[in-house]
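Report on the structure given below.
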Amino acid sequence: MQPSEQQNEDLLREIGDLRRKHAAAMQYVRRKIDQLLTVMGTSPLRPEELDDNTLIELDPIGIISDSFVQVLRHLKETNEQLKVAHDEITAIFDSAGMGILVVDRDLRVLASNRKIREQFTVNTPPREDVTCRELICKKGTDQDCPALKAIASGAGERCEMDLENRHFDVVATPIRGKDGGITQVVLVYMDLTDRIRAQEELRRSEERYRDLFENSTDLIQIVGGDGSIVYVNQAWRDALGYSADEIAGKSIFDIIHPDCKDCGPEFKSVVCGHKGGRFETQFITRAREPIVVEGNVSPIFDGGVFAGTRGIFRDITMRKRAENEVAAEREQLAVTLRSIGDGVITTDIHGRVVLINKVAERLTGWRQEDARGRMIHELFPLKHEKTGLDHLCPVDRVLQTGVACELDGNAVLTARDGKQHLITDSVAPILNRESAVIGSVLVFRDITERKKLEDRLIKSEKIESLGVLAGGIAHDFNNLLNSIIANVDIGLRFANPDSEVQKSLARAQKASMKAKDLTQQLLTFSKGGAPVKKLAAIADLIRDTADFGTRGTTVRCEYDLPADLWNAEVDEGQISQVIQNLVINAVEAMPQGGTIQISARNREIDRMTSPVLAEGRYVAITVHDHGQGIPRENLNRIFEPYFTTKAAGSGLGLATTYSIIKQHGGLIDVESAEGAGTKFYVYLPASLSAVTPAAPSAASVPRKETSGRILVMDDDELVRETAGVLLGMLGYEADFAADGDTALDMYRRAMQSGAPYNAVIMDLTIPGGKGGRTTIGHLLEIDPAARAIVSSGYSTDAVMANYAQYGFVGIVVKPYTIDDLGRELQRVLGGK
Amino acid sequence: METIEIDIRGQLCPATLLVALKEINARGAQLRAGAVKLRFLIDNRDATGTIPESAANMGYGVAVDRQEGWYRVEVFGRQ
């Protein structure tokens, strides 16, 4: 069925309505979408961008509402976070250590924290309309108000205010609203009162310490970790000569003396803080003068990290100098004491040893370290030299009386090792300033050697006086003997051979010759002059003589005579006699036989080696036997003449030996112990000259007929007479004079008369008159060609030894035989 | 973290924003959990303002990188 027109019209109208409604709905949707898009911040949809169907399909509203769900969730989360943040801020606000106020432009208090309510005793949060001026600063003015200033300047303001008797630091910070204008101000009140008080206290404290440091007489320094000087006090600057300005930039290493060896790495390590300690070191002043300081250095730590050092020193330069002076003086005293040749011991008031010098150490055998503190008696046991009884130590007496004293006589000190020394000593008190005795000083000297020397001197003087006596006797005796021998000689010539007279005379002659030897020995011992010295090879002399001396005995000699042994200027005969005497002694000391060791050495003697011998070169001869030895009591006497222990001894052997050696400028000494043999030491001055072989001695002049006039000068009538007889027998004519003056007178007259003397025989010495010694000079003045023969018993006299030098042409030694006289006259007169 | 790249170059605003929002809505949970990151490639300059603002309002982090004639906008969870 066809729809009616009416129906069509209705339908068309409905369609039209629907279309309009749809369009309106779409329009509504688009409008809402645009609204939502605008909320989302984007531009509205353009109609041509999406047609309605696509729009419905896209579903922007769904999309945006989904997005809104997420936006809302996010907002919710954000709000929660904000609330937490707000709570946190409120807590911070209330718990802050500073008072905080928030005010509006009219200074009305919007918020206040707990602290500010405490500070200004506001019990509860203030009313909303109360201003900060009413609450806080009360009498404040607009000019002083930091909040108003902050509102005016738009920036933070700060000021200090005194409120309620306290001092505050107030900071005002403006807060801007949305329009940028300042709506609020946050005021923060920091109470500085305590801090200021603490600062003030600190300042005062610092002032006190600074005062202490600056007025300290000690040198105080603070040094940084790098050695830079941080602080030094006035005393430090004064001592080192720096002003306060000059200290800046200085390092402690500029101050430590560069040459200070003591400072060394150790001190530097202290300065660098490695460790602390007490030190003595040297600083150098600005004027480059060294000063000695002593003190402590310790490290400073800052938070456990080394930050430098502090040091407190004292200038001890003066003290050090004084100490050095005292030390030097002490050293000088010690050296002086050590160098003193005497032993020195000091004691305290109780007699305990305080000090003992080197010589005392040697003599007592106690070392200083062992001796100190011991009683003096322990170190110094004394006994009387002669009695051997204990000797009172003089130290006690001096300590008691305070008066110095000397040991009366000599005493024997027994050293720690048992060695004994003969000593003299003196003790003096040591007095303090009040003249009270505080100790004693004992000075002593070993006189063992001196005593020995003195003994030797006494011995030598004794021998010499004996010598003079013996010499006097011998001289007279010799003259007597001269006559006896000559007359016996004459008698023998006239006596019948084999007659009793001849036999008697022969016995008398033998005895006389023995007597002659004895007199010769006596004369040698008693000296008569210098030995007839010539250069001799000592080694040969020793060997020849000693071998001769031991011939026919069971003793033999063992020689130790170096090839380079020096020669000596000696009288060979005399030295030979010396060696012979010593060897004979040795042989006699060893009746069972044995060995004599004879050695010789070159020795250079100086004053230190021997106080007896002159300085120079010596040949030292030692004759060592292994016999019974010489008893101690005899040792001192063996060189005395006529001292002998042998039944057949003359007692002249060693006396002569002594005399000969002395004449040679030498020394003889003996060392012996009973049962241990004897050692004789002989020192003879050496000569560096070489020995030339001696010319063969002149052959004796053959006897022949002679004639001539001879003048005999002698004080002894017997001698003159005997000489006259002998000269007559020899064929000479003799005249006689008793002294030199007579002899000269006679000689002069004989010359004038034209019958001069062919020779003059002169006695060397004439007691109380002019002897040959002086007459010869005058004689040669009268007649330079005069022939004079010297005659004497003193074969060792210098004139006899060197007669030619004195002007004599010949020599006859008394007592002489007719042959002696004839031979010499013949030689002198040359057969005239 | 997975990166999902969505190329919406050639589209205009606000369609660009709507596409981006639709993707963000769909991946909201993953984004917040930090499991994915969305990378939008766009050439509509306005969208470089609208996408970051919308994403930020929704609590996401955004980074915009300018490339040659287009932009790379990355959206990721803040956790």
Side-chain angles (χ1 to χ4, degrees), chain A residues 22-89 178 180, chain B residues 4 6-64 70-79:
Chain A
H22 176 74
M26 281 314 292
Q27 208 165 3
Y28 174 79
V29 167
R30 279 184 184 271
R31 213 164 46 238
K32 286 297 157 191
I33 286 171
D34 284 346
Q35 189 184 355
L36 287 172
L37 285 172
T38 309
V39 169
M40 292 302 284
T42 189
S43 50
L45 285 171
R46 282 180 289 274
E48 70 278 9
E49 203 172 339
L50 293 168
D51 58 30
D52 288 350
N53 288 337
T54 313
L55 189 69
I56 295 300
E57 204 178 322
L58 184 64
D59 186 17
I61 292 173
I63 289 170
I64 289 166
S65 71
D66 280 352
S67 293
F68 275 1
V69 170
Q70 293 198 61
V71 169
L72 285 173
R73 185 189 7 242
H74 177 60
L75 274 176
K76 193 178 163 205
E77 283 169 8
T78 306
N79 279 337
E80 281 166 2
Q81 284 167 4
L82 275 175
K83 186 176 180 302
V84 169
H86 178 263
D87 290 349
E88 282 172 0
I89 286 167
K178 282 182 183 160
Chain B
I4 298 164
I6 303 111
D7 192 348
I8 40 179
R9 282 175 289 195
Q11 288 201 26
L12 296 173
C13 204
T16 313
L17 175 67
L18 288 171
V19 173
L21 287 178
K22 190 178 176 184
E23 288 297 332
I24 291 168
N25 289 342
R27 307 283 183 180
Q30 285 171 290
L31 280 169
R32 280 195 296 277
V36 296
K37 183 160 82 176
L38 297 178
R39 181 181 291 154
F40 298 103
L41 310 182
I42 58 173
D43 52 7
N44 180 341
R45 195 171 174 277
D46 285 349
T48 61
T50 56
I51 295 174
E53 192 184 337
S54 302
N57 284 336
M58 289 151 80
Y60 300 115
V62 188
V64 180
W70 54 281
Y71 303 88
R72 186 163 61 199
V73 180
E74 287 187 343
V75 176
F76 44 86
R78 275 213 171 111
Q79 302 301 326

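Heavy-atom basis, side chains included; hydrogens, waters and symmetry copies ignored. Protein chains get the first letters and strands the later ones, always in sequence-line order, with residue 1 at the start of each.
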Heavy atoms of B:Ile24 and A:Gln70 approach each other most closely as O-NE2, 3.6 Å
Distance in Å, A:Arg73 CZ paired with B:Arg32 CZ, rounded so as to fall on 0.5 Å steps: 3.0 Å
If you count heavy atoms of other groups shown closer than 6.0 angstrom to CZ of B:Arg9, is the number above 12? yes
Given heavy-atom pairs under 4.5 angstrom as the criterion, report whether the side chain, backbone, both or neither of B:Ala56 touches chain A. backbone
On a heavy-atom basis, the closest approach of B:Leu18 and A:Leu58 is CD1-CD2, 3.9 Å
To the nearest 0.5 Å, atom CE of B:Met58 lies from atom CG of A:Leu72 at 10.5 Å
Can you name the side chain to side chain donor-acceptor pair (under 3.5 Å) partners of A:Lys32, sequence neighbours left out? A:Gln35
For residues 56-68 of chain A, which residue pairs pass the side-chain hydrogen bond (donor to acceptor under 3.5 Å, both in side chains) check, not counting sequence neighbours? A:Ser67-B:Asn25
